[in-house]
Amino acid sequence: MGLKIYNSLSRQLEEFSPLTEGHVSMYSCGPTVYDYIHIGNARTALVTDIIRRYLTYKGYVVKLVQNLTDIDDKIIARAQTLGTSPIQLAQANGEAYFEDTQRLGIQPADVHPKATEHIPEMINLIQTLIDKGAAYIVDGSVYYRVNSFNEYGKLSRRKPEDLLAGARVEVDERKEDPRDFDMWKAAKPDEPYWDSPWGRGRPGWHIECSCMAMKHLGETIDIHAGGEDLLFPHHENEIAQSELATGKPFARYWVHVAFLKIDGARMGKSEKNFIFLRDALDKYPAEVIRHFLISAHYRHPLDYSLESLQKSESALKRLRNCLEALKKYEQETPEITDEHNSTSQDAAETDTHLLSAIKTMQAQFTDAMDTDFNTAQAMGSIFSLVSQVNRSLGTSNGISDQIFAQAYKVLSETCQVLGIYTMNAQDVAGTAEILNPLLELLLEIRQNARDQKDWDTSDKIRDQLKQLNIEIQDTHEGSTWKFLSL
RNA sequence: GGUGGCGUAGCCAAGUGGUAAGGCACGAGUCUGCAAAACUCCUAUCCGUCGGUUCGAUUCCGACCGCCACCUCCA
């Protein structure tokens with residue numbers, strides 16, 4: 001069974017096969033850097049990240065390009081109110097974007113092109129469209145003539161009359177058709193500008209993506225991703241520009257990520273109901289936020305709430321407990337076959353159960369992710385195996401070490417695809433050299449107290465450490481400690 | 001007005017034309033000096049409402065109710 005992707009263009013689940021075998025070109029619409037990104041923005045970036053991780057996991061060589069829109073009306077306006085320059089503002093927020101996304105465990109794209117660094121290419125593309133009669137110049141601005149592309153509307157399925165009927169925006173009388181959009185905006189006084197054959201100005205938003213996608217990935221790309229709000233008009237316009245210029249299909253699979261909601265409504269900057277990703281990251285570990293963001297399918301809306309984050313934290317704790325219990329078997333050589341030596345009947349039974357649970361999990365995980373990256377379902381398969389592992393750990397007498405090692409391998413690999421088991425709190429602490437012996441000592445003292453049934457001392461140590469976010473657990477093999485937060 | 005989506009247990013959330021994954025929470029129990037972790041059991045005869053198609057629908061079709069989004073910069 002191969003990968004299927006829901007293509008917004010056909011509005012169907014389609015078998016995925018890249019243009020070049022074994023290679024996938026992917027473009028994701030990045031942020032307009034006039035502010036920090038909020039969790040809603042992060043959802044799209046995260047989905048892109050996971051798609052890329054999964055494609056890589058499947059053996060594809062992926063080239064991911066994500067743009068940075070670093071010149072636009074909002075940046076200019078914001079810079080004015082802040083008393084800074086648009087360039088500086090974009091620079092600072094661009095850096096903040098990488099900082100925030102990397103904290104969330106999002107791997108940088110292969111290329112992060114900036115609009116301002118591709119002005120000549122954009123001018124060329126616009127000129128090509130003018131030459132083909134698909135654009136016209138008015139007062140130093142260049143407009144795309146929507147009528148010249150007869151497939152216009154194929155992505156959003158909007159008919160011209162529908163668009164006109166609903167138009168709430170003021171009609172620019174200079175346009176031939178209200179649907180026409182600008183590819184080059186003539187500069188107003190005090191605005192940043194670049195020279196062009198049509199005078200000083202700056203590029204429109206849509207031409208940026210057309211241009212940078214094609215420059216870095218070629219005229220036809222495999223996957224184009226973005227938030228669902230970009231479907232119209234942005235992606236529709238990208239198609240119009242690119243396909244008319246090249247005569248080739250622009251993107252083969254269109255992936256649109258649903259909104260993150262808050263209190264039932266869309267999280268949006270203009271609604272002022274957003275939460276900056278960096279603020280969320282200050283309160284919750286990255287893995288918790290990731291878990292939350294992928295707990296629903298990417299094409300379904302997801303409602304943000306503190307309760308949901310807390311649920312994710314609890315769920316992740318269960319996962320983590322299991323993985324940590326399993327980790328000590330990591331060094332064992334994972335056994336692949338069903339045939340292995342078991343001296344006890346019970347252990348053999350445990351092995352068989354676990355082994356089949358591992359296989360089931362692998363199949364279910366792949367199946368879920370193959371079906372349009374169903375992370376929620378994939379997570380279900382992971383937790384099913386966690387249950388079986390926990391049961392097996394309880395009945396194990398040491399004979400199933402290789403199987404546990406295999407379970408660890410499979411679980412940690414799949415969790416890595418989702419990015420929910422990448423960090424190790426013990427290492428993150430960074431003070432392990434001091435902390436380890438110190439805690440060993442405390443545990444030893446506590447064990448002595450317990451041997452003498454001095455529960456007061458024993459409990460005091462445990463309770464006090466818990467205040468410090470360190471949890472002690474007494475098991476049959478002795479006492480262990482770990483950091484409470486993930 | 002046009003276009004699209006959603007409504008599944010207390011909460012979150014998968015999913016299927018043949019009878020409901022997973023997580024969180026709650027309750028009971030096992031284990032433990034007590035905890036913690038883990039395990040066991042308990043949690044939807046039912047998937048917004050009403051019709052229709054079907055041997056059979058939560059899953060397909062229609063209507064209705066409720067909610068959300070896009071058509072304007074927005075991931």
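Chain naming here is simple, since letters A, B, ... match the order of the sequence lines and numbering starts at 1 in each.
In this structure, the side chains of Phe181(A) and Gln241(A) come closer than 4.5 Å at one or more pairs of heavy atoms. Looking at Tyr421(A) and Ser412(A), their side chains come closer than 4.5 Å, going by heavy atoms from C-beta outward. Here the side chains of Ile239(A) and Trp254(A) are in contact, with some heavy-atom distance below 4.5 Å.
For Thr475(A), there are no side-chain hydrogen bond (donor to acceptor under 3.5 Å, both in side chains) partners two or more places apart in sequence or in a different chain. In terms of the salt bridge (Lys or Arg N to Asp or Glu O under 4.0 Å) criterion, residue partners of Lys154(A) (sequence neighbours excluded) are, by chain and number, Glu151(A), Glu243(A). Partners of Asp474(A) by salt bridge (Lys or Arg N to Asp or Glu O under 4.0 Å), not counting sequence neighbours, listed by chain and number: Arg446(A), Arg450(A), Arg462(A). Residues passing the side-chain hydrogen bond (donor to acceptor under 3.5 Å, both in side chains) test with Tyr298(A) are Asp372(A), sequence neighbours excluded. Residues satisfying the side-chain contact (heavy atoms from CB on, under 4.5 Å) test with Glu95(A), not counting sequence neighbours, are Gln91(A). Under the salt bridge (Lys or Arg N to Asp or Glu O under 4.0 Å) criterion, Asp72(A) pairs with no residue, sequence neighbours left out. The salt bridge (Lys or Arg N to Asp or Glu O under 4.0 Å) search around Arg290(A) returns Asp49(A), not counting sequence neighbours. With sequence neighbours excluded, the residues forming a side-chain hydrogen bond (donor to acceptor under 3.5 Å, both in side chains) with Thr116(A) are Asp70(A), listed by chain and number.
Residue-level contact check: Ala368(A) touches neither bases nor backbone, having no heavy atom under 4.0 Å from any strand. Across all strands shown, Gly268(A) has no heavy atoms under 4.0 Å from either base or sugar-phosphate atoms. Leu260(A) comes within 4.0 angstrom of a base, heavy atoms only. Phe259(A) comes within contact range of at least one nucleobase, with a heavy-atom separation under 4.0 Å.
Here rA36(B) presents its C1' atom at 14 Å from CG of Asn469(A), a figure rounded to the nearest Å. Put simply, NE2 on His256(A) is 23 Å from P on rC68(B), counting in whole angstrom units. Atom CG in Asn390(A) sits about 16 Å away from atom P in rA36(B), given to the nearest Å. One atom, CZ of Arg78(A), and another, P of rC73(B), lie 18 Å apart when rounded to the nearest Å. Atom pair Tyr152(A):OH and rC71(B):P shows a separation of 12 Å (rounding to whole Å applied). Following rounding to the nearest Å, Arg299(A) (CZ) and rC68(B) (C1') show an atom-to-atom distance of 17 Å. At whole-Å resolution of the value, CG in Asp229(A) and P in rC68(B) are 17 Å apart. Between the CG atom of Leu319(A) and the P atom of rC24(B) there is a distance of 10 Å, given to the nearest Å.
Spacing between rA37(B) and rU32(B) at atom C1', rounded to whole Å, works out to 11 Å. A distance of about 23 Å separates the C1' atoms of rU53(B) and rU45(B), rounded to the whole Å. Atom C1' of rU54(B) sits at a distance of 12 Å from the matching atom of rC61(B), rounded to the whole Å. Taking atom C1' in both rC12(B) and rA44(B), the straight-line distance is 15 Å, to the nearest Å. Comparing the C1' positions of rU8(B) and rG1(B) gives a spacing of 33 Å, expressed to the nearest Å. rU19(B) and rC47(B) have their P atoms separated by 16 Å, with the value rounded to a whole Å. Taking atom C1' in both rC24(B) and rA9(B), one finds a spacing of 13 Å when rounded to whole Å. Taking the P atom of each, rU59(B) and rA20(B) are spaced 15 Å apart, rounded to whole Å.
Remark: Arg158(A) is positioned above the aromatic ring of Phe232(A), its terminal NZ or CZ atom under 6.0 angstrom from the ring centre and at most 45 degrees off the axis.
With rA37(B), rA75(B), rC70(B) as the choices, the nucleotide that has an atom nearest any side-chain atom of Phe232(A) turns out to be rC70(B). When distances are taken from the side chain of Arg11(A) to each of rG4(B), rC68(B), rC70(B), the shortest belongs to rG4(B). In the set rG22(B), rC39(B), rA75(B), the nucleotide with an atom closest to the side chain of Ser384(A) is rG22(B). In the set rC39(B), rC24(B), rA75(B), the nucleotide with an atom closest to the side chain of Ser387(A) is rC39(B). Checking rC39(B), rC73(B), rA69(B) against every side-chain atom of Ala265(A), the shortest atom distance belongs to rA69(B). When distances run from any side-chain atom of Arg391(A) to the nucleotides rA69(B), rU40(B), rA75(B), the shortest one goes to rU40(B).
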Under 3.5 Å, N/O pairs linking protein and nucleotides 27-35 of chain B:
residue, atom, partner, partner atom, Å
rG33(B), N7, Arg450(A), NH2, 3.4
rG33(B), O6, Arg450(A), NE, 3.4
rG33(B), O6, Ser458(A), OG, 3.3
rG33(B), N1, Asp459(A), OD1, 3.0
rG33(B), N2, Asp459(A), OD2, 2.8
rC34(B), O2, Arg462(A), NH2, 2.6
rC34(B), N3, Arg462(A), NH1, 2.8
rC34(B), N3, Arg462(A), NH2, 3.2
rC34(B), N4, Arg462(A), NH1, 3.4
rC34(B), N4, Asp474(A), OD2, 3.2
rA35(B), N6, Asp474(A), N, 3.4
rA35(B), N6, Asp474(A), O, 2.7
rA35(B), N1, Asp474(A), N, 2.9
rA35(B), N3, Arg462(A), NH1, 2.9

Check nucleotides 11-14 of chain B against the protein and report each pair of N or O atoms closer than 3.5 Å, with its distance, or say if there are none.
residue, atom, partner, partner atom, Å
rC11(B), O2', Lys311(A), NZ, 2.4
rC11(B), O2, Lys311(A), NZ, 3.0
rC12(B), O4', Lys311(A), NZ, 3.1
rA14(B), OP1, His297(A), N, 2.6
rA14(B), O3', Asn374(A), ND2, 2.9
rA14(B), O2', Gln377(A), NE2, 3.3

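With hydrogens and angles ignored, a donor-acceptor pair closer than 3.5 Å exists between the side chain of Arg158(A) and the base of rC70(B).
Between the side chains of Glu471(A) and Gln473(A), at least one donor N or O lies within less than 3.5 Å of an accepting N or O.
Sorted by first then second residue, the salt bridge (Lys or Arg N to Asp or Glu O under 4.0 Å) pairs that include residues 254-277 of chain A, not counting sequence neighbours, are Asp229(A)-Arg266(A).
Summary of the strand contacts: Glu471(A) and Ala315(A) both lie near RNA chain B, and taking for each the nucleotide with the nearest heavy atom, the more 5' one is attributed to Ala315(A).
The phosphate of rA37(B) (OP1 or OP2) has no side-chain N or O of Arg318(A) nearer than 4.0 angstrom.
Among the duplex regions that RNA chain B forms, those built from at least three successive Watson-Crick or G-U pairs under 3.5 Å are B:1-7 with B:65-71, B:10-12 with B:22-24, B:27-30 with B:38-41, B:48-52 with B:60-64, ordered by first number.
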